[in-house]
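Worksheet for the structure shown next.
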Number of protein chains: 2
Amino acid sequence: MYLKNLPHKTVERLSQYRRALLLTLSKEKTHVFSHEIALMLHITPVQVRRDLMLIGYSGNLRKGYDIKELIELIGRIVDTEKGQRVAVIGLGNLGKAFISYFKGKRNKLTIIAAFDVNPEKINRGFDGVTVYHINSLVEVVKKHNISIGIITVPADQAPDIAEALVEAGVKGILNYSPKPLNVPPYVYLEEYDMITSLEKVAFFAKKNDERFK
Amino acid sequence: MYLKNLPHKTVERLSQYRRALLLTLSKEKTHVFSHEIALMLHITPVQVRRDLMLIGYSGNLRKGYDIKELIELIGRIVDTEKGQRVAVIGLGNLGKAFISYFKGKRNKLTIIAAFDVNPEKINRGFDGVTVYHINSLVEVVKKHNISIGIITVPADQAPDIAEALVEAGVKGILNYSPKPLNVPPYVYLEEYDMITSLEKVAFFAKKNDERFK
DNA sequence: CATAAATTGTTGAAAAATTAACAATTGTTG
DNA sequence: CAACAATTGTTAATTTTTCAACAATTTATG
């Protein structure tokens with residue numbers, strides 16, 4: 001399903017809608033109102049309606065939106081038909097956290113391999129994912145046609161890993177190391193730093209507190 | 001240091017600037033140009049200059065910005081003078097990852113306690129952080145005047161934890177569980193879901209790929 | 001010492017994102 | 001069956017964010 005260019009933020013929210021809807025869906029509850037979705041995502045109902053308008057979904061004027069249908073539709077926009085394969089590079093606490101947390105949550109994305117330098121971890125598998133030595137990254141990624149890499153190695157190793165991933169032909173990288181990376185424009189890069197996130201919370205917590213005092 | 005209201009996005013970037021600058025600072029390199037900062041954050045030089053203008057920092061026309069001074073100044077805006085204390089709730093892989101990753105990286109934020117249900121982990125300490133049973137959360141948070149909580153427990157437990165944190169008087173919550181929470185307006189809440197992030201990468205990787213084909 | 005090159009600081013324009021407003025619809029209630 | 005209440009879908013207005021343009025300044029260069 002190809003939609004005319006959706007706004008960047010709308011795409012981000014679509015994933016979030018789906019996540020919230022999956023948590024909401026139950027026998028008793030088959031429909032949901034825009035304001036219910038809004039409440040869960042801490043946004044306004046208008047925004048929800050606007051986003052759904054953009055993807056061409058119509059709800060029922062009295063009952064709201066059909067949860068199942070909407071989940072289905074978001075899938076057709078967000079997912080690729082054939083699915084995408086994912087590798088986690090770095091099997092420290094964060095890598096492990098990602099793998100176990102992800103397990104079985106989405107069916108169009110599959111974590112198919114993990115990489116580490118520690119010989120004890122290699123070839124053992126973790127939570128059903130095979131663990132390879134980092135030296136064979138390019139080879140394995142190519143062989144299994146992995147298109148997305150998640151970097152959870154320490155900062156100093158991150159640039160090399162990124163380079164290897166690009167060489168191996170991945171289309172997207174999610175970087176959890178604090179080291180800013182540079183990749184060619186045809187590879188999509190997203191960076192997330194937990195400390196920055198915490199600092200943001202700290203800042204607004206402080207500000208919020210002053211405001212409500 | 002209190003600045004007139006900085007744009008939300010600018011605040012987010014200030015943390016990122018500081019992170020990048022900390023990684024850049026060295027004996028040989030004492031100054032940095034706007035386009036160098038921009039490159040690291042994948043934004044434009046104009047945006048960097050604009051942000052710095054907003055916080056009232058002036059660079060040297062020929063040498064660029066003094067890295068040390070700038071780090072210092074960002075600190076005075078972003079940090080609180082006395083510092084803030086942080087607790088991590090849930091000592092699974094993610095909680096551990098956060099704690100070890102954070103260790104020694106910032107001096108105005110201190111992770112002072114962790115909480116878990118597993119009796120084996122309790123009272124042992126992890127990476128220098130004392131681990132308590134979750135039942136004593138309210139008590140410990142109050143006692144140590146902890147103002148920020150990081151939630152890394154499974155989804156079903158998250159709402160209870162959030163409630164307890166609010167009761168204990170934290171000012172900000174960083175939620176890594178996939179369950180959307182609701183807290184009173186005087187508590188700042190930030191939510192991050194790794195799967196949503198991965199989905200975003202997957203979507204734009206796909207799109208990017210089509211564009212460059 | 002004049003010219004060129006590089007960079008900052010800033011204003012104003014442009015683009016993106018959010019919000020407000022409201023008609024249209026549909027069930028409900030007195 | 002008329003008035004009301006609740007909700008969607010959509011357009012228009014507003015706000016926020018980004019970007020482009022350029023004067024001003026400084027150093028280097030011939």
Side-chain angles (χ1 to χ4, degrees), chain A residues 3-17 20-21 24 29-70 73-74 77 185 191 196 200 203-204 207, chain B residues 3-17 20-21 24 29-70 73-74 77 185 190 196 200 203-204 207:
Chain A
L3 252 298
K4 50 266 154 193
N5 274 356
L6 290 172
H8 200 280
K9 292 278 183 178
T10 295
V11 174
E12 288 187 20
R13 281 191 297 264
L14 285 179
S15 278
Q16 295 172 4
Y17 294 156
L21 292 173
T24 303
K29 195 157 176 62
T30 60
H31 289 71
V32 66
F33 295 121
S34 61
H35 63 259
E36 293 177 303
I37 299 181
L39 193 67
M40 293 189 283
L41 295 242
H42 315 109
I43 57 179
T44 64
V46 200
Q47 198 156 57
V48 175
R49 297 205 299 276
R50 204 170 196 297
D51 286 335
L52 298 190
M53 185 189 90
L54 290 175
I55 63 171
Y57 186 66
S58 283
N60 180 302
L61 205 38
R62 269 329 253 199
K63 294 193 281 180
Y65 304 94
D66 183 301
I67 299 182
K68 258 192 176 165
E69 271 180 30
L70 188 46
L73 174 60
I74 292 176
I77 294 164
E191 316 209 60
T196 303
K200 188 179 154 196
F203 178 84
F204 286 109
K207 241 188 100 176
Chain B
L3 252 298
K4 49 267 154 192
N5 273 357
L6 290 172
H8 201 278
K9 293 278 183 181
T10 295
V11 174
E12 288 187 21
R13 280 192 297 266
L14 285 179
S15 278
Q16 295 173 1
Y17 294 155
L21 293 173
T24 303
K29 195 157 176 64
T30 59
H31 288 72
V32 67
F33 296 122
S34 61
H35 63 259
E36 293 177 302
I37 299 181
L39 193 67
M40 293 190 283
L41 293 244
H42 314 109
I43 58 178
T44 63
V46 200
Q47 199 156 55
V48 175
R49 297 204 298 276
R50 203 172 195 297
D51 286 336
L52 299 190
M53 186 188 89
L54 290 175
I55 63 171
Y57 186 66
S58 282
N60 181 301
L61 204 36
R62 254 352 237 195
K63 296 193 279 183
Y65 304 95
D66 184 302
I67 299 181
K68 257 191 175 166
E69 272 180 28
L70 188 46
L73 174 59
I74 293 176
I77 294 164
E190 166 102 359
T196 303
K200 187 179 155 198
F203 178 84
F204 286 109
K207 241 188 101 177

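Within every chain, numbering begins at 1; the chains are lettered A, B, ... in the order of the sequence lines, protein sequences first and strands thereafter.
- Computed from coordinates, the His31(B) NE2 to dA6(C) C1' distance equals 16 Å when rounded to whole Å.
- Evaluation of the side chain to side chain contact (heavy atoms under 4.5 Å, CB included) rule for Glu36(A) yields Lys29(A), Val32(A), Phe33(A) as partners, not counting sequence neighbours.
- Both Gly59(B) and His8(A) lie close to DNA chain C; mapped to their nearest nucleotides by heavy-atom distance, the more 5′-ward contact belongs to Gly59(B).
- Distance Glu12(B) CD to dT18(D) C1': 14 Å, rounded to the nearest Å.
- Note that NE2 of His8(B) and CZ of Arg13(B) are 11.5 Å apart. Values are rounded to the nearest 0.5 Å.
- For the pair Ile37(B) and Thr24(B), the minimum side-chain heavy-atom distance is 4.5 Å or more.
- Separating the CG atom of Asp51(A) from the P atom of dA16(C) is a distance of 16 Å, rounded to the nearest angstrom.
- Put simply, the residue from Ile43(A), Leu39(A), Thr44(A) that forms a side-chain contact (heavy atoms from CB on, under 4.5 Å) with Leu41(A) is Ile43(A).
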* Asked: What's the verdict on side chain to side chain contact (heavy atoms under 4.5 Å, CB included) for Ile67(B) and Leu21(B), showing C-alpha distance, side-chain angles and the deciding distance?
  -> CA-CA 6 Å; Ile67(B) 299 181; Leu21(B) 293 173; 4.0 Å; yes

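- Ranking dC22(D), dT11(D), dA20(D) by closeness to the Met53(A) side chain, first place goes to dT11(D).
- Listed in residue order, the members of residues 60-69 of chain B having a heavy atom less than 4.0 Å from DNA chain D are Leu61(B), Arg62(B).
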Does the pair Tyr57(A) and Glu69(A) meet the rule for a side chain to side chain contact (heavy atoms under 4.5 Å, CB included), with working shown? CA-CA 9 Å; Tyr57(A) 186 66; Glu69(A) 271 180 30; 2.8 Å; yes

For DNA chain C, the dot-bracket notation using Watson-Crick and G-U wobble pairs below 3.5 Å, [ ] for pseudoknot-type crossings and | for other-strand pairs, is ||||||||||||||||||||||||||||||

Side chain to side chain contact (heavy atoms under 4.5 Å, CB included) for Leu14(B) and Phe203(A)? Distances and angles first, verdict last. CA-CA 11 Å; Leu14(B) 285 179; Phe203(A) 178 84; over 6 Å; no

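- When the P atom of dT8(D) is taken as reference, atom CZ of Phe33(A) falls 6 Å away, rounded to whole Å.
- Across dT11(D), dC22(C), dG9(C), the shortest atom-to-atom separation from the side chain of Ser58(B) is found for dG9(C).
- Rounded to an integer number of Å, the gap from Asn5(B) CG to dT17(D) C1' is 16 Å.
- Annotation: side chain of Ile77(A) is in contact with side chain of Leu6(A) (closest heavy-atom distance under 4.5 Å).
- Shown are Ile55(A), Asp51(A), Thr10(A), Leu70(A); of these, the side-chain contact (heavy atoms from CB on, under 4.5 Å) with Tyr17(A) is made only by Asp51(A).
- For the pair Arg13(B) and dT18(D), the criterion of a side-chain N or O lying under 4.0 Å from OP1 or OP2 is met.
- If you measure from atom CD of Gln47(B) to atom P of dG9(C), you get 16 Å, rounded to the nearest angstrom.
- For Arg49(A) and dA6(D), the CZ to C1' distance is 11 Å, given to the nearest whole Å.
- Between the P atom of dA21(D) and the CZ atom of Arg50(B) lies a distance of 16 Å, rounded to the nearest Å.
- Residue contacts shown for Ser34(A) are limited to sugar-phosphate atoms, with no base heavy atom under 4.0 Å away.
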